Amino acid sequence: MENSTKVENKKVLIKLEKVGKIYKTGQIVYEALHDIDLEVTEGELVVILGPSGSGKSTLLNVIGGLDNATSGKIYFGDDEITAFNDTRLGKFRARDVGIIFQFYNLVPSLTAYENVDLMRDLGIDIIDPTEALGLVGLADKSTNFPSQMSGGQQQRVAIARAIAKKPRLLLCDEPTGALDTNTGREVLKLLQDQSRIDKRTVVMVTHNALFAEIADKVIMVKNGTIDEIVINDNPKDAFDLEW
Ligand SMILES: Nc1ncnc2c1ncn2[C@@H]1O[C@H](COP(=O)(O)OP(=O)(O)OP(=O)(O)O)[C@@H](O)[C@H]1O
Ligand SMILES: [Mg+2]
């Protein structure tokens, strides 16, 4: 009984209906996504798995409004983002979506503090950068430049930057791809806490099938389509992940 109540209370944050993406390069047409139907509920940790070239990043990018779908509809809450004009789409990305990439994407000439504060310069409302760096355990590194930090620390700065604006949606593309096992586990734990503690919706792309164990929902992508969706009733804590 408890379970069914839990399900009923969950609100759908992201909904995709028959989403397609076609890339055209000169004469070559490539269908990267075909008829994707998908729902992600609020606060859920979703892991997208699939082989290289299967369309994982493309799927993440169209969900976050970084790239336009060619067909179908994408909803964020009550809004249809596929109907947004460029200004509205820009606002959606700036306000509601935090993005974390494999290679951190920090500005080399700026300190950790300034890399987070950069969001404010872009007109985005954020919490104090010192507080954001504290949340990822880097309060003592705020004056370090990226070159003066380890890969894991740089990725944590990128996470601090993404969460400083308190986005409803956190998108991560291979966030541990450049990290060793222990550092990767710490980053995964941080991302999992974003969903568990802060009730933020987290969608993570990875080719590491082990990460499926920490997800509430696992989406298997194959040749631009969804091959399988698995619901995990008891996801593992990221700290208990062995790889
Ligand atoms: N801008 C683009 N123009 C043309 N084709 C593209 C473009 N971006 C991606 N593709 C193609 O779309 C397909 C899906 O690419 P995508 O980057 O989504 O794969 P992926 O699952 O993220 O792979 P990986 O695990 O290697 O990152 C690939 O075949 C790729 O070559
Ligand atoms: Mg990719």
Side-chain angles (χ1 to χ4, degrees), residues 14-40 44-74 76 81-82 84 86 89-90 92-93 97-106 151-152 154-155 158-159 161-162 167 169-181 183-185 187-188 190-192 194 201-215 217-230 238 241 243:
I14 303 158
K15 189 175 162 111
L16 277 69
E17 286 177 0
K18 288 202 174 306
V19 167
K21 174 70 185 177
I22 290 171
Y23 286 116
K24 288 199 182 98
T25 323
Q27 300 283 69
I28 304 162
V29 173
Y30 187 84
E31 190 179 28
L33 296 177
H34 177 78
D35 274 0
I36 301 275
D37 289 320
L38 177 63
E39 279 188 3
V40 177
E44 201 167 40
L45 171 58
V46 177
V47 164
I48 301 178
L49 279 177
S52 181
S54 58
K56 303 182 298 295
S57 296
T58 305
L59 179 58
L60 199 73
N61 291 344
V62 299
I63 289 174
L66 300 171
D67 203 349
N68 292 317
T70 314
S71 55
K73 291 179 175 182
I74 302 175
F76 184 79
I81 65 166
T82 34
F84 284 172
D86 286 350
L89 196 62
F92 161 68
R93 276 198 307 260
V97 189
I99 302 165
I100 294 153
F101 298 101
Q102 179 175 359
F103 295 109
Y104 332 131
N105 286 36
L106 300 178
Q154 291 179 61
Q155 189 61 304
I159 294 174
R161 184 178 59 186
L169 175 63
L170 208 50
L171 300 178
C172 323
D173 200 344
E174 298 278 6
T176 65
L179 305 175
D180 64 43
T181 305
T183 319
R185 196 183 283 126
V187 164
L188 277 187
L190 262 175
L191 295 171
Q192 190 178 42
Q194 284 296 310
T201 308
V202 180
V203 182
M204 186 191 310
V205 161
T206 178
H207 64 269
N208 191 338
L210 271 179
F211 294 4
E213 297 180 22
I214 67 160
K217 184 185 280 176
V218 185
I219 297 167
M220 315 277 199
V221 178
K222 195 173 156 187
N223 293 327
T225 61
I226 292 183
D227 196 35
E228 197 184 352
I229 295 182
V230 180
L241 206 58
W243 93 89

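One-based numbering, in listed order, for ligands and for the atoms of each. If you read the sequence from its start, that first residue is 1, and numbering goes on from there. The shown structure was predicted, so the numbers you read here are calculated from the model rather than taken from an experiment.
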Any nitrogen or oxygen of G50 lying under 3.5 Å from a nitrogen or oxygen in ligand 1? Just yes or no. no

Starting at CD of E17, measure out to CD1 of I74 and round the result to the nearest 0.5 Å. 10.5 Å

For A32, the atoms of ligand 1 under 4.0 Å from one of its heavy atoms are 12 (O)

Heavy atoms only, cut-off 4.0 Å: how does T25 contact ligand 1, side chain, backbone, both, or neither? side chain

Identify, by atom number and element, the atoms of ligand 1 in contact range of P51, meaning under 4.0 Å from any of its heavy atoms. 21 (O)

Is atom 23 (O) of ligand 1 in close reach of the protein, with a heavy atom under 4.0 Å away? yes

So, taking the atom named CD1 in I99 and the one named CG in D173, what distance separates them when rounded to the nearest 0.5 Å? 10.0 Å

Looking only at protein heavy atoms, what sits closest to atom 26 (O) of ligand 1 is S52 OG, 2.6 Å

Which residue and non-hydrogen atom of the protein lie closest to atom 9 (C) of ligand 1, and at what distance in Å? Y23 CE1, 3.3 Å

Please report the interatomic distance CD(Q194) to CG(L169), rounded to the nearest 0.5 Å. 11.5 Å

Identify, for atom 25 (O) of ligand 1, the protein heavy atom at the shortest distance, and state residue, atom and that distance. K56 NZ, 2.7 Å

Within less than 2.8 Å of the Mg ion (ligand 2), any N, O or S from S52? no

Closest non-hydrogen atoms of K222 and S54, given as atom of the first, atom of the second and distance, are CA-CB, 4.2 Å

In terms of residue, atom name and distance, what is the protein heavy atom nearest to atom 30 (C) of ligand 1? Y30 CE2, 4.7 Å

CD1 on I214 to CG on L188, rounded to 0.5 Å: 4.5 Å

Neighbour count >12 (heavy atoms, 6.0 Å) for atom CG, N223: no

What protein heavy atom sits nearest atom 16 (P) of ligand 1, and how far off is it? T58 OG1, 3.6 Å

Testing the basics here: between L170 and A162, what is the closest heavy-atom pair and its distance to 0.1 Å? CD1-CB, 3.9 Å

Heavy-atom protein neighbour under 4.0 angstrom from atom 6 (C) of ligand 1: yes

If you measure from OG1 on T201 to CG on L171, what distance do you get to the nearest 0.5 Å? 10.0 Å

Please report whether ligand 1 has a polar contact with G53, defined as an N or O pair separated by less than 3.5 Å (distance criterion only). yes

Smallest separation among heavy atoms of L190 and I159, with atom names: CD1-CD1, 4.2 Å

Does the N or O separation between S57 and ligand 1 drop below 3.5 Å for any pair? yes

